[in-house]
Amino acid sequence: MRIKSIRGVKDILPDEIAKWQWTEDWARKIFRRYGFKEIRIPIFEDSRLFARSLGETTDVVEKEMYTFADRSGDSLTLRPEGTASVVRSYVEHKMHHPPSVVKLYYMGPMFRYERPQAGRFRQFYQIGVEAMGSASPAVDAEVMCMLVELFKTLGLADVQLQINSLGDKESRPQYRQILQNAIQPHLTNLCANCNQRYEKNPLRVLDCKEPQCKEIARDLPKTVEHLNPESREHFEEVQTLLKAAGVDFTINPLMVRGLDYYSRTTFEIASSELGAQNALCGGGRYDYLVETFDGPPTPCFGFALGMERLVSVVQPGADLETLDRPDLYIVSLGEQALLASFKIAEELRSRGLRVERDYDGSSLKSQMRKANQKNCRFALIIGDNELESGKLVLKNMVESEQTEIALASFSDEILNVVAPLPDD
RNA sequence: GUGGGCGUAGCUCAGUUUGGUAGAGCUCUGGAUUGUGGCUCCAGUGGUCGCGGGUUCAAGUCCCGUCGCUCACCCCA
């Protein structure tokens with residue numbers, strides 16, 4: 001039996017990778033403009049890290065983690081998300097010294113044991129952003145603006161930003177009680193799942209998809225109606241700033257995030273171009289998470305965005321076409337030319353050109369065809385005729401014009417015509 | 001965990017109703033054009049029809065089983 005890749009994972013092949021790199025390049029550029037720096041966190045962690053941060057009763061922790069014992073018997077887990085690791089790292093490396101807002105981003109694979117479908121995989125890639133150390137609503141708004149800016153640059157057509165506020169440490173317990181009281185009379189009409197949620201996490205009743213639950217949820221008290229003055233002011237300021245930046249959004253009082261660490265602002269950006277899994281990214285404030293890992297009180301705001309989903313809707317510009325485009329294809333004919341062309345290729349590459357070539361002594365026709373297929377800007381023909389006359393033939397593949405290059409000074413002459421692209 | 005759809009050439013798919021020599025387009029290779037790509041035309045390469053069993057003179061096609069992919073529920077990025 002031939003070994004195949006396992007369920008829910010996939011190879012990202014060279015044809016597709018240009019789009020990924022293009023997307024990642026833009027994310028890096030734009031994050032840099034906002035002062036975010038990359039952090040690389042481990043792929044696996046102590047299992048307790050995720051249970052404690054995401055919440056013991058969340059679906060991710062209860063049934064979706066890849067957890068295993070290593071050879072010494074320690075329980076390890078392949079990371080199902082990135083925030084927990086960033087917070088652990090923040091505390092472990094005492095990044096709160098000296099006091100400042102620490103702005104980080106990461107990119108990489110996450111792992112969740114779920115049934116695969118469109119936009120959902122068992123190994124999937126996320127870009128995450130975390131702004132740590134300020135409770136200012138300006139942080140919330142700025143990070144969301146950064147995302148909108150990124151999406152605009154990536155050519156996304158139809159995205160919707162939804163925001164909500166879940167309240168803080170002080171208002172949340174009171175609201176929870178009010179909500180439970182309001183739910184209780186409806187318990188017999190709510191789905192089995194919501195009956196459990198009523199006990200464990202009543203907020204989740206609000207965003208249940210069951211029709212009868214939706215009906216009831218519509219009239220339940222909402223978090224935004226029960227914010228304390230501080231949280232209400234924070235939420236209003238976030239809205240004011242978003243409006244000032246010209247960012248469109250809607251308030252969705254039924255949006256409850258699936259991870260327990262969120263407080264105050266939460267948000268999601270969805271795309272109507274995606275299937276059932278239409279959330280491109282989601283996040284919000286987590287003002288108390290650092291403390292649960294024995295760090296100092298550190299209000300934070302962050303989000304994660306799904307790369308597979310994002311890449312499927314980006315509209316790359318002309319800059320994508322040059323990403324992998326070779327400058328020059330060396331066509332070589334005959335034994336003597338092989339040695340000469342080898343040296344010429346090495347010389348041109350060391351001067352910054354992207355040089356492709358033939359390895360198998362194919363016909364001229366076939367080598368020219370390859371040069372065309374690979375979208376090379378130029379072809380350099382080296383055969384016995386050229387070696388004898390000391391003149392190489394350089395062909396512009398776009399204009400279909402050719403010029404002669406003196407073998408004695410080929411390097412400078414070619415560089416003169418075929419300038420390397422700025423990125424190289 | 002529960003449903004629906006689909007597995008035939010490297011890719012996209014026809015052929016399955018009514019069993020009878022394995023097909024098309026794209027790609028690839030060669031030629032028309034002896035050392036010049038793209039366009040056109042001609043020719044060629046390429047398939048244990050997911051896998052296993054059964055019925056039959058005969059199975060891609062019918063029956064049973066099994067594996068995989070995919071979409072949706074759920075959940076989320």
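Chain naming here is simple, since letters A, B, ... match the order of the sequence lines and numbering starts at 1 in each.
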S75(A) to T67(A) - nearest heavy-atom pair and separation: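 Heavy atoms of S75(A) and T67(A) come nearest at OG-CG2, 3.4 Å.
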
Looking only at heavy atoms, what is the nearest atom pair of I163(A) and M144(A), with distance?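 Minimum heavy-atom separation between I163(A) and M144(A): CG2-SD, 4.0 Å.
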
Would you kindly give the [atom1]-to-[atom2] distance between [X] and [N], to the nearest whole Å?
| X | N | atom1 | atom2 | result |
| --- | --- | --- | --- | --- |
| Q277(A) | A72(B) | CD | P | 7 Å |
| R7(A) | G68(B) | CZ | P | 7 Å |
| Q367(A) | U29(B) | CD | P | 12 Å |
| K214(A) | C73(B) | NZ | P | 11 Å |
| I330(A) | U36(B) | CD1 | C1' | 16 Å |

Check the surroundings of atom NZ in K63(A): do more than 12 heavy atoms from other residues, nucleotides or ligands lie under 6.0 Å from it? no

So does K391(A) have more than 12 non-hydrogen atoms from other groups sitting under 6.0 Å from NZ?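 Atom NZ in K391(A) is not crowded, with 12 or fewer foreign heavy atoms closer than 6.0 Å.
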
Expressed in whole Å, how much space separates the C1' atoms belonging to G23(B) and G35(B)? 39 Å

How is [X] classified with respect to the nucleic acid when contacts are heavy atoms under 4.0 Å: base, sugar-phosphate, or nothing?
| X | answer |
| --- | --- |
| R369(A) | sugar-phosphate |
| L259(A) | sugar-phosphate |
| K395(A) | base |
| Q373(A) | sugar-phosphate |
| E64(A) | sugar-phosphate |

What are the residues of residues 377-389 of chain A, sorted by number, that bring a heavy atom to within less than 4.0 Å of RNA chain B?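 Those residues whose heavy atoms fall under 4.0 Å from RNA chain B, taken from residues 377-389 of chain A in numerical order, are I381(A), D384(A), N385(A), E386(A).
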
Those residues of residues 109-125 of chain A lying under 4.0 Å from RNA chain B by at least one heavy atom: R112(A), E114(A), R115(A), Q117(A), A118(A), G119(A), R120(A), F121(A), F124(A)

Given A77(B), U36(B), C74(B), which nucleotide is nearest the side-chain atoms of A304(A)? A77(B)

Taking the side chain of L364(A) as heavy atoms from C-beta outward, which of U36(B), C76(B), G37(B) is closest to it? U36(B)

Which of parallel (below 30°), tilted (30 to 60°) and perpendicular (above 60°) describes F303(A) and F31(A)?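 The arrangement is perpendicular - the two ring planes meet at more than 60°.
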
Is D168(A) paired with R172(A) through a side-chain N to carboxylate O contact shorter than 4.0 Å? no

Is the terminal nitrogen or CZ of R112(A) (NZ for Lys, CZ for Arg) located under 6.0 angstrom from the six-membered ring centre of F124(A) and within 45° of that ring's axis? no

Whether the side chain of S400(A) and the base of G37(B) hold a donor-acceptor pair under 3.5 Å is what I'd like checked.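 Flag set: donor-acceptor pair detected.
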
Any residue meeting side-chain contact (heavy atoms from CB on, under 4.5 Å) with S312(A), in chain and number order, not counting sequence neighbours: L274(A)

Let me spell it out: for each of G8(A) and E268(A), pick the nucleotide of RNA chain B with the closest heavy atom. Which residue's pick is nearer the 5' end?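 Checking each residue's closest nucleotide, the 5'-ward one belongs to G8(A).
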
Opposite nucleotide pairing with C26(B), Watson-Crick or G-U, both atom distances under 3.5 Å: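 Matched C26(B) with G10(B) under the 3.5 Å cut-off.
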
